[in-house]
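What's counted below: heavy atoms across the whole structure, side chains too, no hydrogens, waters or symmetry copies. Letters A, B, ... mirror the listed sequences (proteins, then strands); counts begin at 1.
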Amino acid sequence: MLHLADIRENKDEYIKALTKRNFDASSIFDQVISLDDKRRSTQTSLDNTLAESNKLSKEIGMMFKNGEAHKANILKERTVKLKEDSKDLQDALATTIAELDQLLYTIPNIPQDSVPAGKSEDDNEEVFRKGAIPTLDEGSLPHWELAKKYDIIDFELGNKITGAGFPVYKGKGARLQRALINYFLDKNTAAGYMEYQVPHLVNEASGFGTGQLPDKEGQMYHAGIDDLYLIPTAEVPVTNMYRDSLLEEKDLPITCTAYTPCFRREAGSYGAHVRGLNRLHQFDKVEIVRLEKSENSDAALDGMVEHVKSILDELKLPYRILRLCGGDLGFTSTLTYDFEVFSTAQDRWLEISSVSNFKTFQANRLKLRYRDADGNKQLAHTLNGSALALPRVLAGILENYQTLTGIEIPEVLIPYCGFERI
RNA sequence: AGAGAGGUGGCCGAGCGGUCGAAGGCGCACGCCUGGAAAGCGUGUAUACGCCAAAAGCGUAUCGAGGGUUCGAAUCCCUUCCUCUCUGCCA
């Protein structure tokens, strides 16, 4: 969430930037500021009341000690009113803070200057494209047909075990998936990211820290008995490792990578575009996360983009990079680049990575700070990206590398697979 | 899962109703000492919020978390989370 001091300082600028999201912040900012004023004055009154109360208590204590019980009992009566007042002020303060937070939760992050205005994904700006789109033979198939033909992914079996959106990978399909995970992790660690294995269920505080809660509660699976959430992305557990932390500037950047399955309810998704691997309730993903000092985060985002590009270059898949417009930008992000791979047999682009700079938006919730060279504490910047999300990369490989007699394996994956074609 | 013990500052550890944000030690920073270092000595060493233009300063809160008793709680009571030991179960 946004920082109160920042809102006060940059109000007009923020309002303008938020119009790119089609979000009108003017009245909400006024409410926020007036609530914050109220919070402060209430805090002051409460502090004064408590100070007086503390003072009296000390005096009473001294009196009892000096054997002046009678005087002490008289003084006690004066504390009754103070106690009532402080109780009321405490309640008022709690209410005001709750209202303030409630309001702050509804305000999305401030888009950067380079973010184009726009309503939907149609307004995203293509900034890069690479890789030849192959000309497929007559009779080429979409990946779900290929999966059946070569018996490498069984969607029906997943339906039986769990339900739609939980495919079963078999034989060379499973092996190819594992190869991709290992290849991605190797690429990421070679680039300096530290590998982690993290929990796949998180508590409420973690979901809140990275911004999934309370906004996207309905998108996560919830294990009610233990009040835990299945992770929708490794971003949640990985970033939350650093919740409530005060780092030293020399510790930064901190760079992490983790492979996890991801679980998403995808409520509201339906239709032909969710076929096959295009949209699943459970999928695998290798994620990269960076914590940066403020002045470095823009460059860090560019570095992450270059890193993901290098992976796709090695896989020799046709892809493009989009700069998301304000309307399509995630709630917590200031700038996001989506990577899409071209799915030849479906004749459409599939999102396979999303690389974002959240600046201090998550850190503010996470209480993730660092001490800079001057000894001042400031919020760290958090960034993350997929490197990469598996199913659609798999779909891209199956479709783009298909021949009438089998599916070639991208050269870079052959050592990981142990076979050259399916 | 059952029984017991416990969660205190960066770490160890005392305190078990009042002057306790909290002894003592370690660590860390600075200074003295030294040719230099070690040792020794001295000083300092939490976070958040509020008041203040700001610094200084002052106030408030924080001894796992939340609530309660009390004029007053690290200390007493309740709830909850976590850790350890023993028993049980188990990949």
Over all strands shown, is [X] touching base, sugar-phosphate only, or nothing at heavy-atom distances under 4.0 angstrom?
X       : value
A/Lys38 : nothing
A/Leu50 : sugar-phosphate
A/Arg39 : sugar-phosphate
A/Ser57 : base
A/Asn48 : nothing

Please confirm whether the shortest side-chain N or O distance from [X] to OP1 or OP2 of [N] is below 4.0 Å.
X        : N     : value
A/Asn54  : B/A61 : yes
A/Lys83  : B/G72 : yes
A/Arg369 : B/A48 : yes
A/Lys55  : B/G59 : no

Quiz item: Nearest heavy-atom pair of A/Thr334 and A/Lys359: which atoms, and what distance?
Solution: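 Residues A/Thr334 and A/Lys359, closest heavy atoms: CG2-CG, 3.5 Å.
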Please state how far atom [atom1] in [X] lies from atom [atom2] in [N], giving the value in whole angstrom units.
X        : N     : atom1 : atom2 : result
A/Asp47  : B/C52 : CG    : C1'   : 14 Å
A/Leu366 : B/U47 : CG    : P     : 20 Å
A/Leu89  : B/C49 : CG    : P     : 20 Å
A/Asp244 : B/U62 : CG    : P     : 18 Å
A/Leu82  : B/C71 : CG    : P     : 13 Å
A/Leu46  : B/G59 : CG    : P     : 16 Å
A/Lys87  : B/A61 : NZ    : P     : 15 Å
A/Gln43  : B/U62 : CD    : P     : 12 Å

Does [N] pair with anything, Watson-Crick or G-U wobble, both distances under 3.5 Å, and if so, with which nucleotide?
N     : value
B/C16 : none
B/C52 : none
B/U70 : none
B/G10 : B/C26
B/G40 : B/C32
B/A1  : B/U87
B/U80 : B/G64

Self-check item: Parallel, tilted or perpendicular: ring planes of A/Tyr14 versus A/Phe29, cut at 30 and 60 degrees
Solution: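 A/Tyr14 vs A/Phe29 ring planes: tilted.
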Practice problem: For the residue pair A/Tyr193 and A/His307, categorise the inter-ring angle as parallel (less than 30°), tilted (30 to 60°) or perpendicular (more than 60°). | Solution: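 If you compare the ring of A/Tyr193 with that of A/His307, the planes turn out tilted.
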Between [X] and [Y] (salt bridge meaning N to carboxylate O under 4.0 Å), is one present in this structure?
X        : Y        : answer
A/Lys16  : A/Asp12  : no
A/Lys87  : A/Glu84  : no
A/Asp251 : A/Lys293 : no

Exercise. Considering only atom P, compute the distance from B/U47 to B/C33 and round it to an integer number of Å.
Key: 31 Å
